[in-house]
Amino acid sequence: MTGPRRMADTPDTPSSPASPASPASVARMDGPWTHRDVAANGARFHIAELGEGPLVLLLHGFPQFWWTWRHQLPALAEAGYRAVAMDLRGVGGSDRTPRGYDPANLALDVTGVIRSLGEPDATLVGHDLGGYLAWTAAVMRPKLVRRLAVASMPHPRRWRAAMLGDPRQTAAGSYIWGFQSPLLPERRLTADGGALVGRLLREWSGPQAPEEDVVEVYRRAMCIPSTAHCSVEPYRWLIRSLARLDGFQFNRRMKRPVRVPTLHLHGSLDPVLRARSAAGSGEYVVEAPYRWRLFDGLGHFPHEEDPKGFTGELLDWLRDPGPDR
């Protein structure tokens, strides 16, 4: 990659998952939300927003993009919140930059978007990599994070310890180790129209597998030029930094406690990040309520596998003026 890549703006026209579409129309799926771009941390980020009220910023994981929150956006807006789902750097409609995929910089993307939206703070809701960044942002910029909700991701220090010290978690996260080779992961992710993306979505879900039209949307989104490379870059940093100075520095930085109310959500059947690896992250939440919620029978994508149950849990927690520990 030789330099930043910006996607051309196009009208927000609907397109069916099975029909050909331009990269921008794939990233800007039609719905009740509004699409626009915001500048933050030296890049341009695509967001979908709906509703008015306190800001709830939704952060997607791999191998998805903002559209993973399509069920939560209307529900949050109806409940009186300003719901915003952003595409992380290098994904969906956001800029593909040649660098900047370490978690500290990605977390600054998130807090920069909060500022660009003109809000004093936000509740961060993150899944998978988005959850990792939500934990990080709450440590790095605590004044900008009002509450924290994390799904399918341990605290970064807990993640590191599990990946290095728990053979079962090391095996469960084997796909991350596979991202370390050059070029090959990108080719695999985009081969046959993103067939591997569909396989991962099915294998990582619980009994309620995603519908074919949903899988097709994620396959096409991964095939937007440069997306596969940018999607695996954060995971390359996570593994390669385990034995590097910048990784040790980041891990030490994350010893600072999280001091905001935290809701931690996890599927009992998650095959990628074991519930045992995530449980115990509450030790990093100090002087603030921490609530652990395990969804029986769900896999790695609880917000999509059971959107009603997940959203209900999230809204109950948001409305609670003093969440229980």
*Taking only residues two or more places apart in sequence or in another chain, which ones pass side chain to side chain donor-acceptor pair (under 3.5 Å) with Arg253?*
none
*Above 12 or not: heavy atoms from other molecules or residues under 6.0 Å from CZ of Arg168?*
no
*Examine distances only and state if a side-chain atom of Arg44 and a backbone atom of Gly93 form a donor-acceptor pair shorter than 3.5 Å.*
yes
_Nearest-0.5 Å distance that lies between atom CG in Asp246 and atom CZ in Phe248_ = 10.0 Å
_Would the distance check show the side chain of Thr227 and the main-chain N or O of Val91 forming a donor-acceptor pair, the cut-off being under 3.5 Å?_
no
*With sequence neighbours left out, which residue pairs that include part of residues 254-268 fulfil the salt bridge (charged side-chain N to carboxylate O under 4.0 Å, His left out) condition?*
Arg259-Glu287
For residues 130-144, which side-chain donor-acceptor pairs fall under 3.5 Å, sequence neighbours excluded?
{"residue": "Trp135", "atom": "NE1", "partner": "Met153", "partner atom": "O", "Å": "3.3"}
{"residue": "Trp135", "atom": "NE1", "partner": "Pro154", "partner atom": "O", "Å": "3.3"}
{"residue": "Thr136", "atom": "OG1", "partner": "Tyr132", "partner atom": "O", "Å": "2.8"}

_Hydrophobic cluster membership, with links at side-chain heavy-atom distances under 4.5 Å among I/L/V/M/F/W/Y: are Met86 and Leu108 in one?_
no
_Taking Cys223's backbone N and O only, do any of them form a donor-acceptor pair with Thr190's side chain (distance below 3.5 Å, no angle check)?_
no
May I have the list of side-chain donor-acceptor pairs in residues 71-78 shorter than 3.5 Å, sequence neighbours left out?
{"residue": "Gln72", "atom": "NE2", "partner": "His303", "partner atom": "O", "Å": "3.2"}
{"residue": "Gln72", "atom": "NE2", "partner": "Thr311", "partner atom": "OG1", "Å": "3.0"}

_Using ring centroids (six-membered ring only for Trp), state whether Trp33 and Trp69 fall under 6.0 Å._
no
*Can you list the residues that meet the ring-ring contact (aromatic ring centres under 6.0 Å, His included) rule with Phe179, with sequence neighbours excluded?*
Phe62, Tyr175, Tyr235
*Identify, with sequence neighbours excluded, every residue that meets side chain to side chain donor-acceptor pair (under 3.5 Å) alongside Asp109.*
Asn41, Arg89
Using atom types as modelled, flag every donor-acceptor pair under 3.5 Å from a side chain in residues 113-125 to any protein atom, sequence neighbours excluded.
{"residue": "Ser116", "atom": "OG", "partner": "Ala39", "partner atom": "O", "Å": "2.4"}
{"residue": "Ser116", "atom": "OG", "partner": "Gly112", "partner atom": "O", "Å": "3.1"}
{"residue": "Glu119", "atom": "OE2", "partner": "Arg82", "partner atom": "NH1", "Å": "2.9"}
{"residue": "Asp121", "atom": "OD1", "partner": "Arg146", "partner atom": "NH1", "Å": "2.6"}
{"residue": "Thr123", "atom": "OG1", "partner": "Arg146", "partner atom": "NH2", "Å": "3.3"}

*Are the side chain of Arg158 and the backbone of Ser281 linked by a donor-acceptor contact shorter than 3.5 Å?*
no
*Decide, yes or no, whether a salt bridge links Arg28 with Asp87 under the criterion of side-chain N to carboxylate O below 4.0 Å.*
no
*Taking only residues two or more places apart in sequence or in another chain, which ones pass salt bridge (charged side-chain N to carboxylate O under 4.0 Å, His left out) with Arg236?*
Glu186, Glu233
*Quick one: salt bridge (charged side-chain N to carboxylate O under 4.0 Å, His left out) pairs with a partner in residues 63-77, sequence neighbours left out?*
Arg70-Glu304
_side-chain contact (heavy atoms from CB on, under 4.5 Å) for Tyr101 and Cys230? Distances and angles first, verdict last._
CA-CA 8 Å; Tyr101 296 93; Cys230 297; 3.2 Å; yes
_Could you list the cluster mates of Leu184? Members are the ILVMFWY residues connected by side-chain heavy atoms closer than 4.5 Å, either directly or through other members._
none
*Give a yes or no on whether Leu263 and Tyr290 share a hydrophobic cluster (residues Ile, Leu, Val, Met, Phe, Trp, Tyr; joining criterion: side-chain heavy atoms under 4.5 Å apart).*
yes
_For Gln208, I'd like to know if atom CD has over 12 heavy atoms of other residues, nucleotides or ligands within 6.0 Å._
no
_Approximate separation, where rounding is to 0.5 Å, of Asn105 CG and Arg99 CZ_ = 11.0 Å
*Any Lys/Arg nitrogen of Arg202 or Glu212 sitting under 4.0 Å from an Asp/Glu carboxylate oxygen of the other?*
yes
*Determine whether the aromatic ring centres of His60 and Trp66 lie less than 6.0 Å apart.*
no
_Other residues, nucleotides and ligands only: do more than 12 of their heavy atoms fall within 6.0 Å of CZ on Arg244?_
yes
*Sub-3.5 Å donor-acceptor pair from the side chain of Ser94 to the main-chain atoms of Gly90, do we have one?*
no
*Is the number of heavy atoms from other residues, nucleotides or ligands within 6.0 Å of CD (Gln180) greater than 12?*
yes
*Yes or no on side-chain contact (heavy atoms from CB on, under 4.5 Å) for Gln64 and His127, after CA distance, side-chain angles and deciding distance?*
CA-CA 10 Å; Gln64 301 171 310; His127 169 256; 3.8 Å; yes
*Are the side chain of Asp192 and the backbone N or O of Ala195 linked by a donor-acceptor pair below 3.5 Å?*
no
_Leu183: hydrophobic cluster co-members (side-chain, 4.5 Å)_ = none
_Set of residues satisfying salt bridge (charged side-chain N to carboxylate O under 4.0 Å, His left out) with respect to Arg157, sequence neighbours excluded_ = none
_Within 6.0 angstrom of Arg293 CZ, more than 12 heavy atoms from elsewhere_ = yes
